Amino acid sequence: MSQLAATSPEQQRAAAVQELMLRHDAFSHWLGLQIDEVGPGYCRLHFTVRPDMLNGFQALHGGVTFSAADSAFAFACNSHGRQSVGLSVTIDYLEAGKLGDVITVESREESLKHKVGVYQIRLTNQDGKLIALFKGTSYRTSNEIP
């Protein structure tokens, strides 16, 4: 998994948190997620749809779509250095991903308060077609991430 160079202290913190999280995240590795960029309240990653990610109709399984969005959500909401957990999430599936598609997952922070953050995650294919919209609300614990 690669990542762009971090320059500001906030970007450096986000990159360090993402690296720490990935060290112990076998599932994101199994999904083949490649981190393109992280920053405060932000994460963009991508993955390629493999045969073992397809459902019985040869379309990208919704669980894979959800999981990739959930990982981008986790990297974005923890990027500030306070351990955060998902409080609630929703997803709208708009198009079916296909074998070989390169899916980009972009998580943006919409609101950040002392205890709650709200994130919008967009999943698009290599042609820019919107595959799914995911909204996540995080609960920010008081635990600092080392």
Side-chain angles (χ1 to χ4, degrees), residues 1-8 10-11 13-141 145:
M1 296 194 186
S2 65
Q3 114 148 52
L4 299 178
T7 53
S8 73
E10 293 82 13
Q11 288 173 312
R13 180 183 318 113
V17 167
Q18 174 253 310
E19 287 174 20
L20 174 71
M21 290 174 69
L22 274 178
R23 217 174 296 143
H24 305 287
D25 188 350
F27 193 71
S28 288
H29 285 285
W30 177 81
L31 286 172
L33 302 183
Q34 300 293 311
I35 307 296
D36 298 314
E37 184 177 354
V38 293
Y42 180 80
C43 177
R44 187 181 72 243
L45 57 84
H46 72 276
F47 69 98
T48 301
V49 179
R50 305 183 311 249
D52 61 336
M53 295 176 166
L54 301 178
N55 64 22
F57 295 107
Q58 299 304 293
L60 178 60
H61 193 288
V64 173
T65 304
F66 183 96
S67 295
D70 191 49
S71 288
F73 168 50
F75 296 134
C77 71
N78 281 284
S79 65
H80 298 287
R82 274 178 49 196
Q83 188 177 8
S84 299
V85 296
L87 188 58
S88 69
V89 297
T90 60
I91 191 167
D92 293 312
Y93 299 100
L94 306 172
E95 291 285 338
K98 306 274 189 260
L99 180 63
D101 277 354
V102 176
I103 307 296
T104 297
V105 186
E106 187 171 34
S107 179
R108 291 186 183 276
E109 186 172 85
E110 300 294 332
S111 174
L112 183 66
K113 303 296 184 203
H114 180 65
K115 287 288 187 183
V116 174
V118 176
Y119 298 79
Q120 195 76 263
I121 297 88
R122 295 174 54 89
L123 293 91
T124 56
N125 70 8
Q126 66 279 355
D127 299 321
K129 185 178 280 188
L130 191 59
I131 301 296
L133 289 171
F134 178 109
K135 178 188 169 210
T137 301
S138 67
Y139 173 76
R140 303 179 74 214
T141 73
I145 299 171

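Everything quoted here is computed from the prediction, not taken from an experiment.
Thr124 OG1 to Leu130 CG: the interatomic distance, rounded to the nearest 0.5 Å, is 7.0 Å. Taking NE2 of His29 as the reference point, atom CD of Gln34 lies at 9.5 Å (rounded to 0.5 Å). Atom OG1 of residue Thr137 and atom CG of residue Leu87 lie 6.5 Å apart, to the nearest 0.5 angstrom. Residue Gln18 holds its CD atom at 10.0 Å from CG of Asp25, rounded to the nearest 0.5 Å. Summarising the geometry, atom CH2 belonging to Trp30 is positioned 5.5 Å from atom CE belonging to Met53; distances are rounded to the nearest 0.5 Å. Interatomic distance, Tyr42 OH to Tyr119 OH, rounded to the nearest 0.5 Å: 14.0 Å.
Residues Ala72 and Val105 come closest through the heavy atom pair CB-CG1, 3.6 Å. Here the closest heavy-atom approach between residue Pro40 and residue Gln11 is recorded as CD-CG, 4.0 Å. When all heavy atoms are compared, the tightest approach of Ser107 to Ala76 is OG-CB, 3.4 Å. Closest non-hydrogen pair, Leu33 versus Ala68, comes out as CD2-CB, 4.1 Å.
Salt-bridge annotation for Asp127 and Lys129: absent, with no side-chain N of the basic residue lying under 4.0 Å from a carboxylate O of the acidic one. Electrostatic pairing of Glu106 and Arg108 counts as a salt bridge here, judged by a charged N lying under 4.0 Å from a carboxylate O.
Listed by chain and residue number, nothing satisfies the side-chain hydrogen bond (donor to acceptor under 3.5 Å, both in side chains) test with Asp92 (two or more places apart in sequence, or in another chain).
A donor and an acceptor atom, one from each side chain of His46 and Gln126, are nowhere located under 3.5 Å apart.
Heavy atoms of other residues, nucleotides or ligands lying less than 6.0 angstrom from CZ of Arg122 number 12 at most.
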